[in-house]
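Single-structure report; data block below.
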There are 2 protein chains.
Amino acid sequence: MNIGIDMMGGDFAPLEAVKGLKLYLSAGTPAASLYLIGDETLVNPLLEEHQVSSPNLHLIHAPEVIGYHEHPTKALKEKQRSSIAIGFHLLATGKIDAFISAGNTGAMLVGAMYSIKPIPGVARPTIATIIPKLNGGTGLLADVGLNADCKPEQLNQFALLGSLYAQHILNIQQPSVGLMNVGEEEGKGNILAQATYPLLKENSQIQFIGNIEGRDIFGDKADVMVCDGFTGNIILKMAESIYDIARQRNLASDSYFSRFHYENYGGTPVLGVAKPVIIGHGISNDKAFMNMIGLAAKMIETDLCGKMAASFSA
Amino acid sequence: MNIGIDMMGGDFAPLEAVKGLKLYLSAGTPAASLYLIGDETLVNPLLEEHQVSSPNLHLIHAPEVIGYHEHPTKALKEKQRSSIAIGFHLLATGKIDAFISAGNTGAMLVGAMYSIKPIPGVARPTIATIIPKLNGGTGLLADVGLNADCKPEQLNQFALLGSLYAQHILNIQQPSVGLMNVGEEEGKGNILAQATYPLLKENSQIQFIGNIEGRDIFGDKADVMVCDGFTGNIILKMAESIYDIARQRNLASDSYFSRFHYENYGGTPVLGVAKPVIIGHGISNDKAFMNMIGLAAKMIETDLCGKMAASFSA
């Protein structure tokens, strides 16, 4: 398998990407060929300095970078030699099997949607985040910001996409699905939640367990939690702030709170597009890059996108 | 001033209400006359047993109780001798100046809306919750569940109601107002947030500071945070679960996490109705009841509802 990594994305690029590669390689012989996409005049000296070398590494020169504040569509069009544009070109043409970047999120989403395209039948792809559960397990929340306003049919699709991710990547057999809501009973909620409930209830491809509330996010009720991207983004950022609070309270090493650190999950997969695309946090460090490479490898190994396509054509 | 207390509301009624009275009275000579509304055959023996007596206490016999699962409108109509129905009757007729109950939330809301009524000019009253800020201060979040779907004009009104509450009850001079959103820049968000931003920006009665995100809830950016009741209810219950997590991690006595305990704020005021109505948590304990009485006294003393009416007629 071939994994493409944007070496120029993230606040600490390309240093943390290089250190992340070193961590990944030192963890064992990689099954993957890694395509490092970035400015060779910046990346090569760092690879040498940090003694990162392997026959599985291939540097692809990308002399341009899309900055954080550039307009995604415009930048992708005008900067064809940027690391993100080259990454999507390699992914679209099959030269790589997955693409990872901690760079401009908008450009990553535009590339995923227009260069890779949604799986046939998927109305809107979604981005998801890992939620550490108090019982030691891991849950998945979608959407966390790609779709601020949603239709009931979209939430129903997020439930299936999330279930397949939970099953194949998080190794949860028959993941349960909960609808984020403001009460337990059917009929509760805003117009969107009320209209979504019956769709989830009738969806035979998922294990719907009903409504869940804000207090259930870290509990056992549901493995996959679905909501619109406005609600989900607020939950995601509030959950991230719990880690910041714990750190301020000198509790960052607490075995539960430490699991909220973004570096543990590394990046956010774009679910519902035809090939694996992973978007990293802007502040991605070495461990985050290592984990994103591991996630990409697992998405390729399990043929997650193929399984999603099969489910949506069923 | 005269404060009415539903002695029959809450999971541990009337015991915790009685113990809460004792706490309140033991904290000093109360300025308020307290009207205890409940079944005298149950309340009197507990008052004696716990040695709660004061010339300021007046027991009003209410032989009926509205249960947790009763239909609010139906129960209020049919159980006119219930503690909640009597409480609203006393409040509407001016016999008491504020009414507190930890009983059936729906019945409390119906009573507030139809027996007390919204302040002229207020389209929809709101319920708010206190948010403990990391800097030691206190913020206010509204709406937290009364209005699952909102219009931009309603959020604009919540901002003013919340600002007046923050100013007069939380003693925050010129409270800043933030719009819960998924990004900092104007133009971000779902349709509701996008349409609300310009209204808040143009509202000269509030100090609008722009959008805030999930990570800002516990930070310094905004004293008053406004959102629809769907989003706010999920934030509220997620914040409450942070306390449960802390307790499970043996951190309940942490000086920050302990502030998430509902008993500290006691109850949720209904903002935008003509008289003070406070709804307690179903699991209200003695400290929660004490704090609700204190909150009612402060709402009466500051004439918060009168100030709200003046602002909405301005």
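What you see below is based on every heavy atom in this structure, not just the backbone, and it leaves out hydrogens, waters and symmetry mates. A note on names: the letters A, B, ... follow the listed sequences, proteins ahead of strands, and every chain is numbered from 1.
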Does atom [atom1] of [X] have more than 12 heavy-atom neighbours, drawn from other residues, nucleotides or ligands, at distances under 6.0 Å?
| X | atom1 | result |
| --- | --- | --- |
| B/K188 | NZ | no |
| B/Y114 | OH | no |
| A/E184 | CD | no |
| B/K133 | NZ | yes |

As an exercise, state the distance from [atom1] of [X] to [atom2] of [Y], rounded to the nearest 0.5 Å.
| X | Y | atom1 | atom2 | value |
| --- | --- | --- | --- | --- |
| B/N190 | A/L192 | CG | CG | 10.5 Å |
| B/L134 | A/S241 | CG | OG | 8.0 Å |
| B/T231 | A/D228 | OG1 | CG | 7.0 Å |

Query - A/L199: side-chain contact (heavy atoms from CB on, under 4.5 Å) partners, not counting sequence neighbours - result: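 A/L199 satisfies side-chain contact (heavy atoms from CB on, under 4.5 Å) with A/P152, A/E153, A/N156 only.
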For [X], is it the side chain, the backbone, both or neither that has a heavy atom under 4.5 Å from a heavy atom of chain B?
| X | value |
| --- | --- |
| A/I191 | both |
| A/A193 | side chain |
| A/I235 | both |
| A/N181 | both |

Report task. Assess whether side-chain contact (heavy atoms from CB on, under 4.5 Å) is satisfied between A/Y256 and B/L251, documenting all intermediate values. Result -> CA-CA 12 Å; A/Y256 181 62; B/L251 299 169; over 6 Å; no
**Report entry** Step-by-step side-chain contact (heavy atoms from CB on, under 4.5 Å) determination, A/I234 to B/E213
**Finding:** CA-CA 6 Å; A/I234 290 171; B/E213 301 178 76; over 6 Å; no
Query raised in the report: Ring centroid separation for B/F218 and A/Y243, is it under 6.0 angstrom?
Result: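 Judged by ring-centre distance (under 6.0 Å), B/F218 and A/Y243 do not meet the cut-off.
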Query raised in the report: Between B/D244 and A/R215, is there a side-chain N and carboxylate O pair less than 4.0 Å apart?
Result: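 No, this pair does not count.
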Query - A/K237 side chain vs B/I217 backbone, donor-acceptor pair below 3.5 Å - result: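 Absent.
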